[in-house]
There are 2 protein chains.
Amino acid sequence: MDDYQDYRLFQELSLLLDHADRLVLRQFRLNTLQYNALLLLNPDEGWRLTDLSERLLCERSTVTRLVDYLESEGLISRSPDPGDRRSQRVTLTAAGIARRREAQAAIEEAIRRRFSVLSRDEERHLIAMLKRLRAIVSAEIEATSHEANNTAP
Amino acid sequence: MDDYQDYRLFQELSLLLDHADRLVLRQFRLNTLQYNALLLLNPDEGWRLTDLSERLLCERSTVTRLVDYLESEGLISRSPDPGDRRSQRVTLTAAGIARRREAQAAIEEAIRRRFSVLSRDEERHLIAMLKRLRAIVSAEIEATSHEANNTAP
DNA sequence: TCGCAACAATTGCATACGCAACAAATTGCG
DNA sequence: CGCAATTTGTTGCGTATGCAATTGTTGCGA
């Protein structure tokens, strides 16, 4: 019934969370996307930029610039893919590991504080609901993209 | 315990919802913020730009440009505040009402589809949780701002 | 083997937004 | 009353990101 008001609430909460995270991560010279990238990367097996963009739900060009920045900070390194000269492999450096550890401690502490208002049962319910909503919205976006492509078959 | 994974899920869902909305609103030449502004405005009593910025959780300068755009589209009009010559009052035009009606129909239909996966009971729980989280995060941001201001008392 | 479609990454351009500096108007305090 | 502090809206600048075009690479089919 009141889907719409729920939704506005969701939207507002997203904004607030984003803003709060930004304030925490700024101390480590990272934005949210850069931080999420650091969480995925590791020192051993390198990620391809295209795979990163799919995982991070952003454009490849955005990943190019994100990797440029993290590389300039010395947190990651690009290396050519042994099997495909089109690809680059991105791995975490020692400095990257250190920066990630610091940022992660700060962010996780903030998140723990926020979510501590929920009981374990509520938390479990929340996860289940979010997962179902995610599936629905993913499908919606998928359908809309196809729709756009189908205008000239 | 697994607050962190919950949070990542929340974050991802926010991104997806935002993207899906963007696709819907693009048909009406509106972005999310512009649409939310149209929802607040009405033809009778005008909003001040500063009040809009507080309500929309964005900077005053952003509202200036948002109002510039909506005005150029003929959807709203600025008029001087009778009681304070610094202020402008923003009201909805007939074209604005029409555009809002169309966009709102499309967006609400999309939202209804998404939230239809939840039962009424789940929905009620979700709202309650989101509200509590919102309160927490608002307080966090508030505290962080004060902290920043208190560096030189 | 050649040609061509698909793919990886990059670059250029446009848009959206926050932050800081600013001018004009208003308020408040001595 | 008069001047300093505050408030309102605007503008300039920097950053983040999407989309489209481009370059180089791969692989497949005639």
Side-chain angles (χ1 to χ4, degrees), chain A residues 11 14-16 18-26 28-37 46-73 76-90 141 144-145 148-149, chain B residues 11 14-16 18-23 25-26 29-37 46-73 76-90 141 144-145 148-149:
Chain A
Q11 222 180 12
S14 306
L15 269 178
L16 289 171
D18 222 55
H19 190 63
D21 285 349
R22 198 173 295 271
L23 292 177
V24 173
L25 290 175
R26 176 174 299 173
F28 307 100
R29 285 204 302 254
L30 296 172
N31 69 24
T32 312
L33 194 62
Q34 289 155 1
Y35 172 70
N36 285 331
W47 279 70
R48 300 185 328 144
L49 302 207
T50 296
D51 293 338
L52 271 178
S53 85
E54 283 180 14
R55 187 65 161 69
L56 295 171
L57 299 174
C58 69
E59 289 293 315
R60 286 199 306 273
S61 60
T62 301
V63 173
T64 293
R65 291 181 277 247
L66 176 149
V67 167
D68 284 346
Y69 172 74
L70 294 179
E71 196 176 28
S72 77
E73 289 273 303
I76 60 159
S77 68
R78 279 180 168 98
S79 46
D81 185 306
D84 189 336
R85 276 181 301 171
R86 291 173 302 181
S87 290
Q88 309 259 354
R89 294 288 176 163
V90 179
I141 291 176
T144 310
S145 313
N149 294 341
Chain B
Q11 221 180 11
S14 305
L15 269 178
L16 289 171
D18 222 55
H19 190 62
D21 285 348
R22 199 173 295 271
L23 292 177
L25 290 175
R26 176 173 298 173
R29 285 205 301 256
L30 296 172
N31 69 22
T32 312
L33 194 62
Q34 289 155 2
Y35 172 69
N36 286 331
W47 279 70
R48 301 185 328 141
L49 302 207
T50 296
D51 294 337
L52 272 178
S53 85
E54 283 180 14
R55 187 64 164 69
L56 295 170
L57 299 174
C58 69
E59 289 293 316
R60 286 198 308 269
S61 60
T62 301
V63 173
T64 292
R65 291 182 274 250
L66 176 150
V67 167
D68 284 347
Y69 172 74
L70 294 178
E71 196 176 28
S72 78
E73 289 273 304
I76 61 160
S77 68
R78 278 180 169 98
S79 45
D81 185 306
D84 188 333
R85 278 179 299 173
R86 290 172 303 181
S87 290
Q88 310 258 353
R89 294 289 175 163
V90 179
I141 291 176
T144 310
S145 312
N149 292 342

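Sequence lines set the chain letters: A, B, ... in the order given, protein chains first and strands last, and positions in each chain run from 1.
Taking CG of A:Leu57 as the start and OG of B:Ser14 as the end, the distance is 11.0 Å to the nearest 0.5 Å.
At least one side-chain heavy atom of A:Arg48 sits less than 4.5 Å from a side-chain heavy atom of A:Arg89. A heavy-atom distance below 4.5 Å is not found between the side chains of A:Leu33 and A:Val63.
Atom CZ of A:Arg65 is separated from atom P of C:dT10 by 11 Å (rounded to the nearest Å). Atom CG in A:Asp51 sits roughly 8 Å away from atom P in C:dA8 (whole-Å rounding). For the pair A:Ile76 CD1 and C:dA9 P, the interatomic distance rounds to 12 Å; values are reported in whole Å. Atom-to-atom, CZ of A:Arg26 to C1' of C:dC17 comes out at 13 Å; the value is rounded to the nearest Å. As a whole-Å value, the separation of B:Tyr69 OH from C:dC17 C1' is 16 Å. Atoms CZ (B:Arg89) and P (C:dA25) sit 18 Å apart, rounded to a whole Å. Here the P atom of nucleotide C:dT10 and the CG atom of A:Leu66 are 11 Å apart, to the nearest Å.
Remark: A:Arg55 engages A:Leu40, A:Trp47 in a side-chain contact (heavy atoms from CB on, under 4.5 Å) (not counting sequence neighbours). Residues passing the side chain to side chain donor-acceptor pair (under 3.5 Å) test with B:Asp21 are A:Tyr7, B:Arg114, sequence neighbours excluded. Partners of B:Glu59 according to the side-chain contact (heavy atoms from CB on, under 4.5 Å) rule, which considers only residues two or more places apart in sequence or in another chain, are B:Ser61, B:Thr62. Take A:Asn36 and apply the side-chain contact (heavy atoms from CB on, under 4.5 Å) test, not counting sequence neighbours, and it matches A:Thr32, A:Leu39, A:Leu56, B:Arg8, B:Gln11. Applying the side-chain contact (heavy atoms from CB on, under 4.5 Å) rule to B:Arg60 yields the partners B:Thr50, B:Ser53; only residues at least two apart in sequence or on another chain are considered. For A:Ser77, the side chain to side chain donor-acceptor pair (under 3.5 Å) partners two or more places apart in sequence, or in a different chain, are A:Thr91. Residues forming a salt bridge (charged side-chain N to carboxylate O under 4.0 Å, His left out) with A:Arg22 (at least two apart in sequence, or on another chain): A:Asp18.
Taking the 5' to 3' direction, DNA chain D first and last meets chain A under 4.0 angstrom from a heavy atom at D:dA16 to D:dT26.
Taken residue by residue, residues 53-64 of chain A places heavy atoms nearer than 4.0 Å to DNA chain C at A:Arg60, A:Ser61, A:Thr64. Residues from residues 80-87 of chain A placing a heavy atom under 4.0 Å of any atom in DNA chain D, listed by number, are A:Asp84, A:Arg85, A:Arg86.
Checking B:Leu49 against A:Thr32, the closest nucleotide of DNA chain D that is more toward the 5' end is the one next to B:Leu49.
Residue pairs meeting the salt bridge (charged side-chain N to carboxylate O under 4.0 Å, His left out) criterion with at least one partner in residues 62-73 of chain B, sequence neighbours excluded, are B:Arg29-B:Glu73, B:Asp68-B:Arg78, B:Glu71-B:Arg78, B:Glu73-B:Arg99.
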Considering only nitrogen or oxygen atoms on both sides, find all protein atoms under 3.5 Å from nucleotides 14-16 of chain C and state each distance.
none

Could you go through A:Leu49 and A:Leu66, starting from their C-alpha distance and side-chain angles, then the distance that decides it, and tell me whether this counts as side-chain contact (heavy atoms from CB on, under 4.5 Å)? CA-CA 10 Å; A:Leu49 302 207; A:Leu66 176 149; over 6 Å; no

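Between the side chain of B:Gln34 and the main chain of B:Asn31, a donor-acceptor pair closer than 3.5 Å is present.
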